[in-house]
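Accompanying notes for the structure given below.
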Amino acid sequence: MTKAICPGSFDPVTFGHLDIIQRAATTFDEVIVAIMPNPRKQALFTVEERLAMLRESTRDIRGVTVATADGLLVDFARARGALVIVKGLRPIQDFEYEWQMGMVNKELADDIETFFLMSRKEYSYLSSSIVREIAAFGRDVESLVPAGVAARMREKYSQRS
Ligand code: PNS
C-alpha cells in the first residue's frame, strides 16, 4: 500500500493541479493532498476556503483525501505514513525551486522520495498566480479552474473592489 502526499499552497487549485492529483491517484494507492503555507507567498484564500475548494474539486477522484498542514512537509508525510511526495513540474520555471526543495527534503528525510510528474502541455503555462492575476482584472477563469473555484474568485474580487 503506497501512500503519497501531493503538497502545495493551492491558492487556488487549478486544472493543472487536478491533473497531477488525478495522475498520482492512478499511480499510488492513496493520495493525501496537503495544503501547506508557502512562506514565499501571500495567500489570497484562507486555508479553510482552499480546503473547501479542494475537497469539492477532488471528491470524484478515488483514493484522494485533503488535509491542511503546517510545519515541515517531510514531518507531515512521515506522520501520515507516506514515503512519497508527488509534485508537478512545468517546463523551466519550476525546475530550480523544485530541485532545491527536493534536495532539502532528501537531506531532512532520506527515506522519503520525491516523484515529479511532468505537467501536460496544455497546462504547462498555468499557475495559481496567473489565475489570480486574470481574475483580479475581472476576467473569467472558468477555462483554468473548476466552476466552483471560478465563482469563489469572482466573489473574492468583487468584495475587494
Ligand atoms: O504550491 P507551492 O506554493 O509551490 O507549494 C510549496 C510548498 C507548500 C509545498 C512548500 O512551501 C513546502 O513544502 N512548505 C512546507 C515547509 C517545508 O517543508 N519546506 C521545505 C523545507 S525548508
Side-chain angles (χ1 to χ4, degrees), residues 2-25 27-28 30-58 61 63-136 141 144-146 148-150 152-153 156:
T2 314
K3 227 188 248 189
I5 303 276
C6 269
S9 42
F10 302 109
D11 187 39
V13 60
T14 68
F15 285 139
H17 293 130
L18 289 171
D19 177 59
I20 297 295
I21 294 167
Q22 171 86 61
R23 287 158 62 198
T27 309
F28 300 100
E30 200 182 315
V31 173
I32 303 166
V33 178
I35 303 168
M36 304 193 77
N38 183 336
R40 303 171 195 217
K41 296 178 183 170
Q42 163 109 40
L44 172 67
F45 288 102
T46 65
V47 167
E48 291 72 27
E49 288 171 323
R50 286 180 266 162
L51 185 65
M53 288 188 280
L54 261 163
R55 284 207 170 127
E56 195 183 308
S57 310
T58 58
I61 313 177
V64 172
T65 54
V66 187
T68 61
D70 45 27
L72 287 174
L73 170 59
V74 290
D75 291 341
F76 177 74
R78 198 185 302 288
R80 293 300 188 99
L83 295 181
V84 171
I85 295 167
V86 176
K87 304 217 69 185
L89 201 60
R90 289 164 298 186
I92 311 170
Q93 57 179 317
D94 283 337
F95 183 76
E96 196 175 343
Y97 173 71
E98 293 300 347
W99 180 82
Q100 187 183 29
M101 285 297 120
M103 296 294 272
V104 170
N105 288 333
K106 197 79 188 130
E107 179 68 26
L108 294 171
D110 195 39
D111 55 334
I112 297 180
E113 295 294 345
T114 303
F115 283 57
F116 292 106
L117 292 180
M118 285 193 289
S119 69
R120 277 183 206 281
K121 62 180 183 313
E122 57 266 44
Y123 300 133
S124 58
Y125 68 95
L126 184 54
S127 68
S128 298
S129 58
I130 283 290
V131 170
R132 291 195 303 272
E133 193 168 330
I134 296 169
V141 288
L144 309 175
V145 297
V149 176
R152 278 177 188 261
M153 304 250 8
K156 184 67 83 177

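Just so you know, ligand 1 is whichever comes first in the structure, and atom 1 is the first atom listed for that ligand.
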Check your understanding: Can you tell if the side chain of Arg90 reaches within under 4.5 Å of the side chain of Ser127, non-hydrogen atoms only?
Key ->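 Counting from C-beta outward, Arg90 and Ser127 do come under 4.5 Å.
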
Review point. Is there side-chain contact between Asp11 and Arg50, with at least one heavy-atom pair below 4.5 Å?
Key: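 Yes. Closest side-chain heavy atoms under 4.5 Å.
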
Side chain [X], main chain [Y], donor-acceptor under 3.5 Å:
| X | Y | value |
| --- | --- | --- |
| Asn105 | Met101 | yes |
| Asp94 | Leu89 | no |
| Lys3 | Arg80 | yes |

Exercise for review: Using a 4.0 Å heavy-atom cut-off, say whether Asn38 meets ligand 1 through its side chain, its backbone, both or neither.
Suggested key: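 The part of Asn38 near ligand 1 is both the backbone and the side chain.
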
Among the heavy atoms of [X], does any lie under 4.0 Å from an atom of ligand 1?
| X | answer |
| --- | --- |
| Lys87 | yes |
| Tyr97 | yes |
| Pro37 | yes |

Check your understanding: Of the listed options (Gly71, Ala77, Ser127), which comes nearest to atom 16 (C) of ligand 1 when hydrogens are ignored and any heavy atom counts?
Key ->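 Of the listed residues, Gly71 has the closest heavy atom.
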
Review point. Heavy atoms only: which of Glu98, Arg40, Met101, Gln100 is nearest to atom 20 (C) of ligand 1?
Key: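 Nearest option to atom 20 (C) of ligand 1, by heavy atoms: Met101.
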
Practice item. Report the residue from Ile32, Val33, Ile35, Ile85 that forms a side chain to side chain contact (heavy atoms under 4.5 Å, CB included) with Pro7. Key: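 The side chain to side chain contact (heavy atoms under 4.5 Å, CB included) with Pro7 is passed solely by Ile85 among Ile32, Val33, Ile35, Ile85.
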
Suppose we measure from [atom] to each protein heavy atom; which comes out shortest, and what is that distance?
| atom | value |
| --- | --- |
| atom 1 (O) of ligand 1 | Ser9 N, 2.9 Å |
| atom 4 (O) of ligand 1 | Lys41 NZ, 3.7 Å |
| atom 21 (C) of ligand 1 | Val104 CG1, 3.5 Å |

Check your understanding: Parallel, tilted or perpendicular for Phe28 and Phe115, by the 30°/60° rule?
Key ->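 Rings of Phe28 and Phe115: perpendicular, over 60°.
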
Review point. With a 4.0 Å cut-off, strictly under, does atom 12 (C) of ligand 1 pick up any protein heavy atom?
Key: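 So atom 12 (C) of ligand 1 lacks protein heavy-atom neighbours under 4.0 Å.
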
Practice item. Please round to the nearest 0.5 Å and tell me the distance separating atom CG of Leu54 and atom CD of Glu56. Key: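 Answer rounded to 0.5 Å: 10.0 Å.
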
Review point. What atoms in ligand 1 come closer than 4.0 Å to a heavy atom of Leu73?
Key: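 Listed by number with element, the hits are 13 (O), 17 (C), 18 (O).
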
Point to revise | For Met36, the ligand 1 atoms whose distance to one of its heavy atoms is below 4.0 Å | key: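 With Met36 as reference, the close atoms of ligand 1 come out as 8 (C), 15 (C).
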
